[in-house]
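Read through the structure below, which is laid out as structure tokens, and then see the notes.
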There are 2 protein chains.
Amino acid sequence: MKKAKKAKLEAAGWKIGSAEDFLDLTKEEVAFVDMKISLSDSVREKRRAKRLTQTQVAKKIGSSQSRVAKMESGDPSVSVDLMMKTLLTLGTTRSELAKIISKRKSRRAA
Amino acid sequence: MKKAKKAKLEAAGWKIGSAEDFLDLTKEEVAFVDMKISLSDSVREKRRAKRLTQTQVAKKIGSSQSRVAKMESGDPSVSVDLMMKTLLTLGTTRSELAKIISKRKSRRAA
DNA sequence: GCAGTATATGTCAAATCAGACATGTTCGCA
DNA sequence: TGCGAACATGTCTGATTTGACATATACTGC
């Protein structure tokens, strides 16, 4: 299974087994998961741009390194709320946030 | 206390007592709460534009009328996740969502 | 007045998400 | 090779958010 697809399903809260599972998400669910992935990527980008470690970010937002790692990996246990709060804490403006939300994922090479 | 201010504090999870409480939010907290208010307003606008009752929206998103009411009133118990899922279900596109996020609140008459 | 419909508000148990911690992996460097 | 730093992953317990329900309020037409 393609990595992006896997990430989407997992972000939606599903576990991918060894069998060829297939679950169709509604259009809205796909949009929501895509958005979460955009936010997730942006957290990593913002953090790197500011040359901070996950531990340093964790301290800023009053959380832990593992939760920051989960944010960046698109773990389904992370809410949009938390990622947005994190981005804002990292100095992202509302209009930058808007760009992140609207951003279509550029297809990455698998 | 101004209504908008009250809404912000409440949306941030604080109860306003009778005494002249004052809690200063950080810049990021204010931005986050503003954003939630924008989303909240948008849920109501979108629903009305589609001429749906709260009960009908609740059914669409698999929730209850009371939760939709809370979304629209900016209740602090409502997450950004839920409001975004709702907006997407109501046909909002990601780029429209982006506009909502970036939107500065126009000052309402108190 | 009284129904009926729409929305608001408060509460609760169950589900989800949180921070914390342990531990595993990966990388660079001496 | 071994060490240390950064990051990933799994899992606890507690906090927050959830849908559901009861109930209140507001407005309509009769």
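Quick caveat, the model's predicted, so the values are computed rather than measured. First the proteins, then the strands, lettered A, B, ... as listed; each starts at 1.
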Take the protein atom [atom1] of [X] and the nucleotide atom [atom2] of [N], then report the distance between them rounded to whole Å.
{"X": "B/Leu52", "N": "C/dT5", "atom1": "CG", "atom2": "C1'", "value": "15 Å"}
{"X": "A/Gln56", "N": "D/dA5", "atom1": "CD", "atom2": "C1'", "value": "12 Å"}
{"X": "A/Asp81", "N": "C/dA18", "atom1": "CG", "atom2": "P", "value": "8 Å"}
{"X": "B/Asp75", "N": "C/dT7", "atom1": "CG", "atom2": "P", "value": "17 Å"}
{"X": "A/Phe32", "N": "C/dT16", "atom1": "CZ", "atom2": "P", "value": "14 Å"}
{"X": "B/Lys36", "N": "D/dT16", "atom1": "NZ", "atom2": "P", "value": "12 Å"}

Tell me if a side-chain donor or acceptor on B/Ser40 pairs with a main-chain N or O of B/Lys36 at a distance below 3.5 Å.
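Judged by distance alone, no pair lies under 3.5 Å.
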Report yes if at least one side-chain N or O of B/Ser79 is closer than 4.0 Å to OP1 or OP2 of D/dT18; otherwise report no.
yes
side-chain N/O A/Arg47 vs D/dA6 OP1/OP2, d < 4.0 Å
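Checking D/dA6 against A/Arg47, no side-chain N or O comes under 4.0 Å of OP1 or OP2.
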Could you give the distance from CD (A/Gln54) to CZ (A/Arg48), rounded to the nearest 0.5 Å?
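Answer rounded to 0.5 Å: 8.5 Å.
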Interatomic distance, CZ@B/Arg94 vs CD1@B/Ile101, rounded to 0.5 Å, equals 11.5 Å
Check the interface with nucleotides 19-26 of chain D: list each N/O to N/O pair with the protein under 3.5 Å, or write none.
residue: D/dG19; atom: OP2; partner: B/Ser63; partner atom: OG; Å: 2.9
residue: D/dG19; atom: O5'; partner: B/Ser63; partner atom: OG; Å: 3.4
residue: D/dG19; atom: N7; partner: B/Arg67; partner atom: NE; Å: 2.9
residue: D/dA20; atom: OP2; partner: B/Ser63; partner atom: O; Å: 3.2
residue: D/dA20; atom: N7; partner: B/Ser64; partner atom: OG; Å: 3.2
residue: D/dC21; atom: N4; partner: B/Ser66; partner atom: OG; Å: 2.5

How is A/Val78 classified with respect to the nucleic acid when contacts are heavy atoms under 4.0 Å: base, sugar-phosphate, or nothing?
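Sugar-phosphate contact only - A/Val78 comes under 4.0 Å of backbone atoms but never of a base.
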Which nucleotide sits closest to the side chain of B/Arg44: C/dT7, D/dA8, D/dT18?
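Selected nucleotide: C/dT7.
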With the side chain of B/Thr53 defined as its heavy atoms from C-beta on, choose the nearest nucleotide among C/dA6, C/dT9, D/dC7.
C/dA6
Name the one of B/Lys99, B/Met84, B/Lys46 that satisfies side-chain contact (heavy atoms from CB on, under 4.5 Å) with B/Thr92?
B/Lys46
Under the rule for side-chain contact (heavy atoms from CB on, under 4.5 Å), what residues qualify as partners of B/Thr93, not counting sequence neighbours?
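Once residues adjacent in sequence are excluded, the partners of B/Thr93 under the side-chain contact (heavy atoms from CB on, under 4.5 Å) criterion are B/Ser95, B/Glu96.
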Test of understanding: with salt bridge (Lys or Arg N to Asp or Glu O under 4.0 Å), list the residues that count as partners of B/Lys85, not counting sequence neighbours.
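So B/Lys85 forms no salt bridge (Lys or Arg N to Asp or Glu O under 4.0 Å) with any residue.
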Can you list every salt bridge (Lys or Arg N to Asp or Glu O under 4.0 Å) pair that touches residues 62-74 of chain B, not counting sequence neighbours?
B/Arg44-B/Glu72, B/Arg47-B/Glu72
Going by the salt bridge (Lys or Arg N to Asp or Glu O under 4.0 Å) test, which pairs reach into residues 51-65 of chain B, not counting sequence neighbours?
none
Between A/Ser73 and A/Asp75, a side-chain donor and acceptor under 3.5 Å:
no
Measure the angle between the two terminal helix axes of the helix from C/dG1-D/dC30 to C/dA30-D/dT1, five base pairs each, and quote it to 10°.
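Answer rounded to 10°: the end axes differ by 30°.
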